[in-house]
Asker: 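I have a structure I would like to understand better, so I am pasting it below and will then ask my questions one at a time.
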Amino acid sequence: MAVSGFEGFEKRLELRFFDDDKPITKNPMGLRLIDFESLDQVLNEVQCTVVSAVANRSFDAYVLSE
Amino acid sequence: SSLFVYPTKIIIKTCGTTQLLKSIRPLIHLARNLGLTLRACRYSRGSFIFPKAQPFPYTSFKDEVIVVEESLPKSLCYRKASVMTPSNNPSRAWHVFTASADVESDEHVVVVEVCMTELDRVNARSFFKRKGDEKNNSDSAGKEMTRLSGIDNINANAYICDFAFDPCGYSMNGVDGDRYSTIHVTPEDGFSYASFECGLSLYDNGHEDISEVLSRAIDVFRPSDVSIATTYGGEDYNHEVTKRVERVLAKKLDLKCRSRLMDEFPGSGTVVYQSFTPRRK
């Protein structure tokens, strides 16, 4: 095994939320309303950046580089 | 690495020496501003190939758990940390921490996480940029890798967003209705690694058998070592699915299941961790 190389094994975090006082149907976009700049700042803390993105009616997906 | 944002769920998966746990507090804060309260948290990872290269707290799962717990509100009172260690290969453990506000899970999605090491050298070549690729951007080089490797055949219904890294390496996210999939590849010999992950429901009519999808994904890489962590939300654990995965991987890829571990997490479901190697190894 190499002394040092790129670490492929990922760390994975999943956070699930619920709406405080109204059904999610009143805010169907939920977390998808977080603006890109705010997400980018969070990712900066994590030490990665968005390199590609795609979205459909259900969710947003970002490919990140670290 | 990948990030998925659903209306009430965020999944973030990062490799290398990233500081993933630093995202917890700001994400909770951003959600709070939208009137959303944290209901559950799950942090998981395999054993690192280069554990000494990781920064604190990723040098010790105990320290990681402390950091996660300190980042979470007290309302997530059902908490559990577990290290699932195969007796035949202690260096390939699966680490899981969960916290939930409810003892029952409301999530009926099955998440399958596959980790593969020692990729077939010929197959791994697909994930190096070729001469002339430098003229193309990473998007077009990524599309070429998707096609050459056969990743586009894993789920023909998925729209694939792919990216080729320089000089090698590949990431993709697959989008199919409300279902995601993701693949990340580090093809360098000596520490080659690929991961495949997807979220699905066992009860969706028209969705393919999970074992067939896994078989096609693993066949892209032909690895010498495979581990599969399957998380069943709620009361959905299905032993027949676990056995079917073992049967299909044995029949189609000649992979033998060497270890099968199971653990339950309050409010977060059941995790099954299976380890496979080629039958002739």
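So you know, we letter chains A, B, ... as the sequences are listed, proteins then strands, and number each from 1. The structure presented is a predicted model; accordingly, all values stated were derived computationally and were not measured.
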Asker: Looking at every non-hydrogen atom in both residues, tell me the closest pair between B:Thr8 and A:Leu31 and how far apart they are.
Answerer: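 Answer, listing the atom of B:Thr8 first, then A:Leu31: C-CD1, 3.5 Å.
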Asker: Using ring centroids (six-membered ring only for Trp), state whether A:Phe6 and B:Phe191 fall under 6.0 Å.
Answerer: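 Ring-ring flag for B:Phe191/A:Phe6: false, centres at least 6.0 Å apart.
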Asker: Would you mind checking which part of B:Val68 comes under 4.5 Å of any heavy atom in chain A, side chain (CB onward), backbone (N, CA, C, O), both or neither?
Answerer: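 No part of it gets close to chain A.
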Asker: Quick one: which of B:Tyr180, B:Tyr58, B:Phe97, B:Tyr6 has the most heavy-atom pairs under 4.5 Å with chain A, could you say?
Answerer: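 Between B:Tyr180, B:Tyr58, B:Phe97, B:Tyr6, the count favours B:Tyr6.
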Asker: Quick one: what part of B:Glu107 sits under 4.5 Å from any heavy atom of chain A, side chain, backbone, both or neither?
Answerer: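 Both backbone and side chain of B:Glu107 come within 4.5 Å of chain A.
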Asker: Measuring only between side-chain heavy atoms, which start at C-beta, is B:Arg42 closer than 4.5 Å to A:Arg12?
Answerer: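 The answer is yes, as the side chains (C-beta and beyond) meet within the 4.5 Å cut-off.
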Asker: Kindly compute the distance separating CZ (A:Arg16) from CG (B:Asp102), expressed to the nearest 0.5 Å.
Answerer: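 The CZ atom of A:Arg16 sits 9.0 Å away from the CG atom of B:Asp102.
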Asker: So, taking the atom named CG in A:Leu13 and the one named NZ in B:Lys22, what distance separates them when rounded to the nearest 0.5 Å?
Answerer: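 A:Leu13 atom CG to B:Lys22 atom NZ measures 14.5 Å (nearest 0.5 Å).
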Asker: Is the shortest heavy-atom distance from the side chain of B:Tyr159 to the side chain of A:Val54 under 4.5 Å?
Answerer: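 Yes; the side chains approach each other to less than 4.5 Å.
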Asker: Looking only at heavy atoms and a cut-off of under 4.5 Å, which of A:Leu33, A:Asn56, A:Val50 has the most pairs with chain B?
Answerer: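 Ranked by heavy-atom pairs under 4.5 Å with chain B, first place is A:Asn56.
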Asker: So do A:Ile34 and B:Val5 actually touch side chain to side chain, heavy atoms under 4.5 Å?
Answerer: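 Counting from C-beta outward, B:Val5 and A:Ile34 never come under 4.5 Å.
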Asker: For the candidates A:Asp60, A:Val46, A:Val51, which exhibits the highest count of non-hydrogen atom pairs separated by less than 4.5 Å from chain B?
Answerer: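 The option with the most such pairs is A:Val46.
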Asker: Under 3.5 Å, side chain of A:Glu7 to main-chain N/O of B:Phe50, donor-acceptor pair present?
Answerer: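 Confirmed, A:Glu7 side chain pairs with B:Phe50 backbone.
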Asker: If you take all heavy atoms of B:Thr17 and A:Lys11, which pair is closest and at what distance?
Answerer: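 Minimum heavy-atom separation between B:Thr17 and A:Lys11: C-NZ, 3.7 Å.
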Asker: Which of the residues B:Glu113, B:Glu188, B:His95, B:Met172 is involved in the greatest number of heavy-atom pairs with chain A at under 4.5 angstrom?
Answerer: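 Between B:Glu113, B:Glu188, B:His95, B:Met172, the count favours B:Glu113.
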Asker: When you compare the side chain of B:Gln54 with that of A:Phe9, does any pair of heavy atoms fall below 4.5 Å?
Answerer: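 No, every pair of side-chain atoms sits at 4.5 Å or beyond.
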Asker: Could you pull out the closest heavy-atom pair between A:Glu10 and B:Ser195, with the gap in Å?
Answerer: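 Result for this residue pair: OE2-OG, 2.6 Å.
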Asker: Does any backbone or side-chain atom of B:Ala53 lie under 4.5 Å from a heavy atom of chain A? Answer side chain, backbone, both or neither.
Answerer: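 Neither part.
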Asker: Measure distances from B:Arg32 to the heavy atoms of chain A and classify the residue's part below 4.5 Å as side chain, backbone, both or neither.
Answerer: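 Only the side chain of B:Arg32 comes within 4.5 Å of chain A.
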Asker: Check each atom of A:Ala53 against the heavy atoms of chain B and say whether the ones under 4.5 Å are side chain, backbone, both or neither.
Answerer: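 Answer is backbone: N, CA, C or O of A:Ala53 sit under 4.5 Å from chain B.
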Asker: Please report the closest heavy-atom contact between A:Phe59 and B:Gly177, naming both atoms and the distance.
Answerer: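 So the minimum-distance heavy-atom pair works out to CE2-O, 3.3 Å.
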Asker: Side chain, backbone, both or neither: which part of B:Ser100 has a heavy atom under 4.5 Å from chain A?
Answerer: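 When you check distances to chain A, no heavy atom of B:Ser100 falls under 4.5 Å.
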Asker: Checking heavy atoms, do the side chain of A:Arg57, its backbone, both or neither come under 4.5 Å from chain B?
Answerer: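 Answer is neither: A:Arg57 stays 4.5 Å or more from chain B.
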Asker: Hey, are the side chains of A:Glu14 and B:Lys9 touching, using non-hydrogen atoms and a 4.5 Å cut-off?
Answerer: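 Sidechains of B:Lys9 and A:Glu14: in contact.
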Asker: Which atoms form the tightest heavy-atom contact between B:Asp162 and A:Ser52, and what is the distance?
Answerer: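 Shortest heavy-atom separation between B:Asp162 and A:Ser52 comes out as O-OG, 4.4 Å.
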Asker: Most heavy-atom pairs under 4.5 angstrom with chain A, which of B:Leu30, B:Ile24, B:Ile28?
Answerer: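 Greatest number of close heavy-atom pairs with chain A: B:Leu30.
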Asker: Show the nearest heavy-atom pair for residues A:Ser65 and B:Phe165, with the distance to one decimal.
Answerer: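 Closest approach of A:Ser65 to B:Phe165: CB-CE2, 3.5 Å.
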Asker: Among B:Thr182, B:Ile10, B:Thr186, B:Leu27, which residue has the highest count of heavy-atom pairs closer than 4.5 Å to chain A?
Answerer: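 The answer is B:Ile10.
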Asker: Among the options B:Ala99, B:Ser47, B:Ser44, B:Ser171, pick out the one with the most heavy-atom pairs lying under 4.5 Å from chain A.
Answerer: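 The answer is B:Ser44.
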Asker: With the side chain counted from C-beta on, respond yes when B:Ile12 and A:Leu43 share a heavy-atom pair under 4.5 Å apart, and no when they do not.
Answerer: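 Counting from C-beta outward, B:Ile12 and A:Leu43 do come under 4.5 Å.
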